[in-house]
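This report refers to the structure that appears directly beneath it.
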Protein chains: 2
Amino acid sequence: MISLQCLRLLQGGQSLSRADMARALGVTRATIGHAVAELATAGLVLETPTPTPERIGRPGVALRLNPQGALFMGVEIDTRAVSAVLLDLTMRVIARKVDPVGDTFHDPKAMVPRILSAAQSLAAHTDPARLAGLGVAVPGLVGRHGQVVNAPLLGWRNFALQEALQDAAPATWQIDVCNDAFAFASAERAADLEPSSLLMVLLAEGVGSAYLDEGRMISGAHGFAGELGHMIVSVHGKSGALETMAGAAGFPAAMRPGWSVAQGVADVLATANTPETLAALDLWAEALAIGLANATHLLDPSRIVLGGPLSVLYPAVADAVTQRLSALMLQGHAAPSLHLARYGGEGAAIGAAARLRARIFALPDLGKSPSATPFPTAPVVPNRANPASRALRQRTTS
Amino acid sequence: MISLQCLRLLQGGQSLSRADMARALGVTRATIGHAVAELATAGLVLETPTPTPERIGRPGVALRLNPQGALFMGVEIDTRAVSAVLLDLTMRVIARKVDPVGDTFHDPKAMVPRILSAAQSLAAHTDPARLAGLGVAVPGLVGRHGQVVNAPLLGWRNFALQEALQDAAPATWQIDVCNDAFAFASAERAADLEPSSLLMVLLAEGVGSAYLDEGRMISGAHGFAGELGHMIVSVHGKSGALETMAGAAGFPAAMRPGWSVAQGVADVLATANTPETLAALDLWAEALAIGLANATHLLDPSRIVLGGPLSVLYPAVADAVTQRLSALMLQGHAAPSLHLARYGGEGAAIGAAARLRARIFALPDLGKSPSATPFPTAPVVPNRANPASRALRQRTTS
DNA sequence: TGGAATTTGTTTACGAATGATACGAATTCC
DNA sequence: GGAATTCGTATCATTCGTAAACAAATTCCA
């Protein structure tokens, strides 16, 4: 129990000594000693070559996450490719693979082996015992059990993707299928040091979102929360779903028939000074500001993070959006800060993997009765009959 | 730790035997025996006169919450009165007091003693040692620390009400100041047996809301979440904040100058068949449906509960609202069910008290290090040197 | 009517986790 | 080089929960 708390202290990449942890958790150093020994034999933490002594007294031994302690695969599915990444415990991408799909994306059943083969080729880079599992991000409505309820872009309806993957994948892999905005938000969350109230807005063909309240994902009763794109807004007298105005599919002037999102965005940037484009951007800014204001009044995030292909247009309208957003805010209601996402095109795939990573740090749900350990705690280096307290000491004793 | 879990099992008013609890929590009966003895000496649970033997074998002893185990006061503040209720552990109102305020409500500082005197007169009904504290519901923006940031109806700005009450109230009282919609939602939540994803919408002069995701209140970064009334919507070409269309202050045709909400509502009901009123109700239904659809796409509640004075008009438009709401829902997105609130005019006061009650059942926040017990566990009947296991047995041994 | 079967609640012995305390180790200060 | 300080560990006591056994209260059935 305490060992999990210790692990959580290292979650953000910090280096702490045992004594630091003891102070942070309000327990004795002895207790931390046991917990760390446990984590070390499980291969989840490492001692680092002691950074800076500085203070008087015996310097502590810095502990950090073992990057190789656990590995996670993340896959993003869209109409062009299956993009997969392999993530280590410190959130570093250590391998990637993009597998273009032709027209096969229409058939979810046919995509299952494609997803798994992309994953398998990443899995080859690492020790299978350390591989926690596979996360998949899908653009569309995904239920609590990873079933794709409706993914209009892909043309999928009611397909139990998580179940299908679970059946076909190695039994040791954990499988998690989720909405792409949820995944993207998880990536941002994992990179945060402290939990915050964060609204992730994914600007792609549609407009998706995910809200993390104090670091906790708000998924709703069915897992469908965050459909910001379907909010009805009215811009310059025209009323309709936000994503018909702020999403790529409805971006005025930019999205010519047959163009990809990237082409449209490139064209907008190339013609950024023409009156036509300026007007279109202004309309976009207006729609965005109203949508974000509505979401802010309902959710009160401290930060809004914009991601997705269209978000590269945001700097062009940043001033207009923030200004209108502030103007729309209720008296006393603080306008959240607006940023671009930390991760770019790979964000959803990284986030899908990050969701699995988060399980390792997740507090047990005290609501339920019995729960298995989130990760098999097999030692990286099998040591015979060690009293656990000697598990680290290689560096010190050598 | 286990004793809290036992308490939580009884939260909804259920009667369970020790063996039932052991099965539910996946622990041995011995463990439950200890935990229950602890709860019994703390005066939080009681044995009941054994309801129904039924099954073969020795019948279990039914346990339930001791209604007198803890008492909570809740106060609602509006422009007409300070309304206070005294709630027991089983959510029953055991005393009430309405203290009309004249024009003094404008001065928050002057309201502090009025709130406390109303509370004191309720506190006289009960044992001070069993009185957990006082919850206060305020119509307006309330920050995380119970400071009223902006309450337009009352004309309050930036007043640290919780702090002021804490200073003036008896030191043993816990004080909690929150938004009225949050309070109302807490009342509904407490009456639920299972945690659900519930959107509470409070239809008063303004339109407030509160969302509970799987039973957990979503309060936002500053505690300002739920300002549904400030969502910009467009109804029949007219665009503006939802509460100017669906709130009493902006209810067309009904709210004549100088009328109270109650008068306006009565007038609407009296003239429900005139074309004018029908048109007004239709507009109201339309605005409500759009607001609820927007909120549903963002939050995905399984239930929406309507409360507040205006909610009595809802049955007149129920069909229109549910129909339009369904029509606006995204393909695959389930429309939530719509209900009227369980509690009427006292809902906010009851909810303010229920928030304190919820603390007794709250799981400890594993994020923080040291936490005091949420409730002083002084025995109701001081028994000398009892080995705790004999604490109940009165009924059995007599 | 009286045992057999069954379920409940408690008791006793034991194991695991954590705190308290003491001690050796590693470093700075002087 | 010694005093001061901090770190990590070892040892013992305490607390919490389990396992197993047992007494109690009831139904079933001859």
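In the text below, chain A, chain B and the rest are named by the order of the sequence lines, each starting its count at 1.
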Quiz item: So does A:Arg23 get a side-chain nitrogen or oxygen closer than 4.0 Å to the phosphate oxygens (OP1/OP2) of D:dC7?
Solution: yes
Quiz prompt | Side-chain N or O of B:Arg18 closer than 4.0 Å to phosphate OP1/OP2 of C:dT7 | solution = no
Practice problem: For residues B:Leu39 and B:Ser3, report the shortest heavy-atom separation together with the two atoms involved. | Solution: CD1-O, 3.4 Å
Atom pair distance, as rounded to whole Å: [atom1] in [X] and [atom2] in [N]:
X: B:Glu38; N: D:dC16; atom1: CD; atom2: P; answer: 7 Å
X: B:Ile56; N: C:dT7; atom1: CD1; atom2: P; answer: 7 Å
X: B:Arg55; N: D:dT27; atom1: CZ; atom2: P; answer: 12 Å
X: B:Met21; N: D:dG17; atom1: CE; atom2: P; answer: 15 Å
X: A:Glu47; N: D:dC7; atom1: CD; atom2: P; answer: 15 Å

Quiz item: Side chains of B:Cys6 and B:Ile32: does their closest heavy-atom pair fall under 4.5 Å?
Solution: yes
Quiz prompt | 5' priority, DNA chain C, between A:Gly57 and B:Gly33 [closest heavy atom] | solution = B:Gly33
[X]: salt bridge (charged side-chain N to carboxylate O under 4.0 Å, His left out) partners, not counting sequence neighbours:
X: B:Arg303; value: B:Asp192
X: B:Arg355; value: B:Asp176
X: B:Glu163; value: none

Practice problem: Using a 4.0 Å heavy-atom cut-off, write out nucleotides 18-24 of chain C from 5' to 3' as B (base contacted by protein), S (sugar-phosphate only) or - (no contact). | Solution: SSB---B
Quiz prompt | Residues which pass side chain to side chain contact (heavy atoms under 4.5 Å, CB included) with A:Leu9, listed by chain and number, not counting sequence neighbours | solution = A:Leu16, A:Met21, A:Ala24, A:Leu25
Self-check item: Electrostatic pair A:Arg23:A:Asp20 at N-O distance under 4.0 angstrom
Solution: yes
Quiz prompt | Ion pair check, A:Arg144 and B:Glu214, cut-off under 4.0 Å | solution = yes
Quiz item: Using the C1' atoms of five pairs at each end, what's the angle between the two axes of the helix from C:dT1-D:dA30 to C:dC30-D:dG1, to 10 degrees?
Solution: 0°
Quiz prompt | Any donor-acceptor N or O pair under 3.5 Å, side chains A:Arg359, A:Gln174 | solution = yes
Quiz prompt | Closest to side chain of A:Ser17, choosing from C:dA26, D:dG8, C:dT8 | solution = D:dG8
